[in-house]
S.K.: 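Below are the structure tokens for one structure; questions will follow.
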Amino acid sequence: MEFLLNPDEFKGPCNLSLTINSGQTSQPAWKENQGVFSELVSIKKEACLLKVAQQDGSLKINAESRNNISEKALKQRIRQIFDLDFDLDQLYDFLREDPKLEPTIDFCQGMRLFIAHDPFECIISSISSANCSILRWSRSIRDIKYKWGNPYSFGDESFYTFPSPKIISQLPEHDLEEMQRCEDHLPEDFQFNNNLQACGVGYRAKYIIKTAEMIQNEISLHKIAKMDYGDAFDTILELPGVGPKVADCILLYGFGMGEAFPVDVWIKRIICHLYFDGKDVAVPKIRDFGMEQFGEYAGYTQLYLFHYARKSGLLDKLTTKKK
DNA sequence: TTCCAGGTAGTCG
DNA sequence: CGACTACCTGGA
């Protein structure tokens, strides 16, 4: 199935590449080939290979699946993933009211939240991203999918689903545990690599396993999606490896809760520079400030400020000045 | 080679 | 509460 999603079907501009490549921690960037972005996405429980490309202001959508999917369900999913129901022009009106935020508009024209297509994958990605580079956690997620996800082939391309909470919860944590579970007689120099730590997640392996177990047994993602932001925040904070920053990333990029204001060290530096005269203010205070100051636009403001700071050279200035 | 980035959990006051 | 530090790993 192939069709165009025209600009009159969503609110404000949409820059696909900017949205997908802005380093949001919910999911690794989608596979790109000559401007076409592809990913295996579940639509009404049906595995579907989505291909999305920018065509002027429109989005060109191509979808393949074993069984038929209605165009309506497909469109709905696309709107959700790229946050197309959010009115960017309204955001720009808001940003223009603050001279400190106004410059971000030009740098981020058309950039939207890139909402995770799989909330569980988003949670594991976010835990893996804590204290870690984008390159490293993206690799880990890729390895996890490759090792334990279900493969789907479309033409000559292969994609893997992200494994379920049940599967992750039962994985060996590291080499030693994998060795202990193995009853076969193996050569002396056998390399154990079917464990989580072998995917480069480091000490987060135990958090990931325990989190998967809790999601499997006691915490319903379905319910979190329906909670208000405050309750959802308190609930996912219970997951091991999830602190305030990761919780806000999950709620923003995984569940589309726009009032979340994830504060990492970069955002802290940017906010201290812009709003506190370069003074060092503690992270929890920055979070309070952001939520109070930016309200329902806190999430987008965080996204825009970060991208703006990176592209304008402000970020470099803040690191070398070390303040 | 050593050093360092970068959130969370744990400990201590 | 706030301040401090260990934690895996990969890139400088």
Side-chain angles (χ1 to χ4, degrees), chain A residues 22-29 116 122-144 146-147 168 171-179 191-215 219 232-254 260-273 276 279-291 298-299 302-303 305-307 309-310 314-323:
Chain A
S22 53
Q24 308 181 24
T25 58
S26 62
Q27 54 184 332
C122 168
I123 290 173
I124 303 305
S125 291
S126 303
I127 291 174
S128 310
S129 74
N131 202 18
C132 206
S133 70
I134 294 178
L135 185 68
R136 197 180 138 197
W137 70 255
S138 296
R139 255 185 225 165
S140 298
I141 297 304
R142 186 197 61 198
D143 289 354
I144 290 171
Y146 186 75
K147 283 182 198 289
I168 300 273
L171 294 178
E173 183 186 331
H174 41 53
D175 294 359
L176 187 61
E177 195 188 337
E178 189 185 337
M179 204 184 304
Q191 293 287 309
F192 290 90
N193 65 0
N194 261 319
N195 60 81
L196 251 188
Q197 218 164 37
C199 298
V201 297
Y203 57 83
R204 303 162 196 82
K206 60 168 77 66
Y207 303 150
I208 292 171
I209 291 167
K210 179 69 180 156
T211 287
E213 189 191 308
M214 288 171 70
I215 288 172
I219 290 187
F233 183 83
D234 293 342
T235 305
I236 58 168
L237 213 50
E238 301 289 312
L239 298 170
V242 176
K245 191 267 180 180
V246 168
D248 277 329
C249 280
I250 293 170
L251 295 179
L252 182 61
Y253 302 122
F261 190 71
V263 181
D264 59 13
V265 56
W266 302 108
I267 286 299
K268 180 191 138 151
R269 286 172 186 156
I270 293 164
I271 294 289
C272 288
H273 170 74
F276 293 93
K279 190 165 66 101
D280 187 76
V281 177
V283 167
K285 299 256 187 246
I286 300 286
R287 178 171 178 264
D288 293 342
F289 171 82
M291 294 201 302
Q302 186 262 9
L303 184 60
L305 273 176
F306 181 70
H307 186 77
R310 200 161 57 161
L314 175 60
L315 227 46
D316 296 335
K317 221 173 83 184
L318 294 179
T319 33
T320 47
K321 255 176 49 178
K322 206 181 162 207
K323 236 188 172 184

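Values below: every heavy atom of this structure, side chains too, minus hydrogens, waters and symmetry copies. Sequence lines set the chain letters: A, B, ... in the order given, protein chains first and strands last, and positions in each chain run from 1.
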S.K.: Taking CD1 from Ile134(A) and P from dT9(C), how many angstroms apart are they, rounded to a whole number?
M.R.: 20 Å
S.K.: How many Å lie between CG on Asp175(A) and P on dT9(C), as a whole number?
M.R.: 9 Å
S.K.: Report yes if some heavy atom in the side chain of Gln302(A) is under 4.5 Å from a heavy atom in the side chain of Pro262(A); otherwise report no.
M.R.: yes
S.K.: Output the rounded distance in Å from OH (Tyr203(A)) to P (dT9(C)).
M.R.: 10 Å
S.K.: Mind running a 4.0 Å heavy-atom check of residues 236-252 of chain A against DNA chain C and sending the residues that fall below it, in number order?
M.R.: none
S.K.: Which part of the nucleic acid, if any, lies within contact of Ile127(A), taking any heavy atom under 4.0 Å across all strands shown: a base, the sugar-phosphate backbone alone, or nothing?
M.R.: nothing
S.K.: With respect to the side chain of Arg136(A), which nucleotide from dA9(B), dG10(C), dG2(C) is positioned closest?
M.R.: dG10(C)
S.K.: Under the side chain to side chain contact (heavy atoms under 4.5 Å, CB included) test against Ile168(A), which residue among Thr211(A), Ile144(A), Ile215(A) passes?
M.R.: Ile144(A)
S.K.: Expressed as a whole number of angstroms, how long is the span from Phe261(A):CZ to dG7(B):P?
M.R.: 14 Å
S.K.: Over how many whole Å does the gap from Asp288(A) atom CG to dC1(C) atom P extend?
M.R.: 11 Å
S.K.: Find the distance Gln197(A):CD to dG10(C):C1' and express it as a whole number of Å.
M.R.: 14 Å
S.K.: Would you say the side chain of Val242(A) lies within less than 4.5 Å of the side chain of Ile127(A), judging by non-hydrogen atoms?
M.R.: yes
S.K.: Can you tell me how far the CE atom of Met291(A) sits from the CG atom of Asp248(A), to the nearest 0.5 Å?
M.R.: 7.0 Å
S.K.: Under 3.5 Å, is there a donor-acceptor pair between the side chain of Lys147(A) and the main chain of Asn193(A)?
M.R.: yes
S.K.: Does Trp137(A) reach a base, just sugar-phosphate, or nothing at all? Heavy atoms under 4.0 Å.
M.R.: nothing
S.K.: The side chain of Val265(A) lies closest to which of these nucleotides: dG7(B), dG10(C), dT9(C)?
M.R.: dG7(B)
S.K.: Is the side chain of Arg204(A) donor-acceptor paired with the backbone N or O of Val201(A) at a distance under 3.5 Å, no angle test?
M.R.: yes
S.K.: Taking atom C1' in both dA9(B) and dG10(C), compute the distance separating them and give it to the nearest angstrom.
M.R.: 23 Å
S.K.: Under a 3.5 Å cutoff on both atom distances, Watson-Crick or G-U, what's the dot-bracket for DNA chain B ([ ] crossing, | other strand)?
M.R.: .||||.|||||||
S.K.: Once you round to the nearest 0.5 Å, how far does CD of Glu177(A) lie from CD of Gln197(A)?
M.R.: 10.5 Å
S.K.: Just wondering, do Ile236(A) and Val246(A) contact through their side chains at under 4.5 Å, heavy atoms?
M.R.: no
S.K.: Quick check on side chain to side chain contact (heavy atoms under 4.5 Å, CB included): which of Ser129(A), Ser126(A), Cys199(A) does Trp137(A) satisfy it with?
M.R.: Ser129(A)
S.K.: To the nearest Å, give me how far apart CD1 (Ile208(A)) and P (dG7(B)) are.
M.R.: 16 Å
S.K.: Between dG7(B) atom P and Lys268(A) atom NZ, what is the distance in whole Å?
M.R.: 11 Å
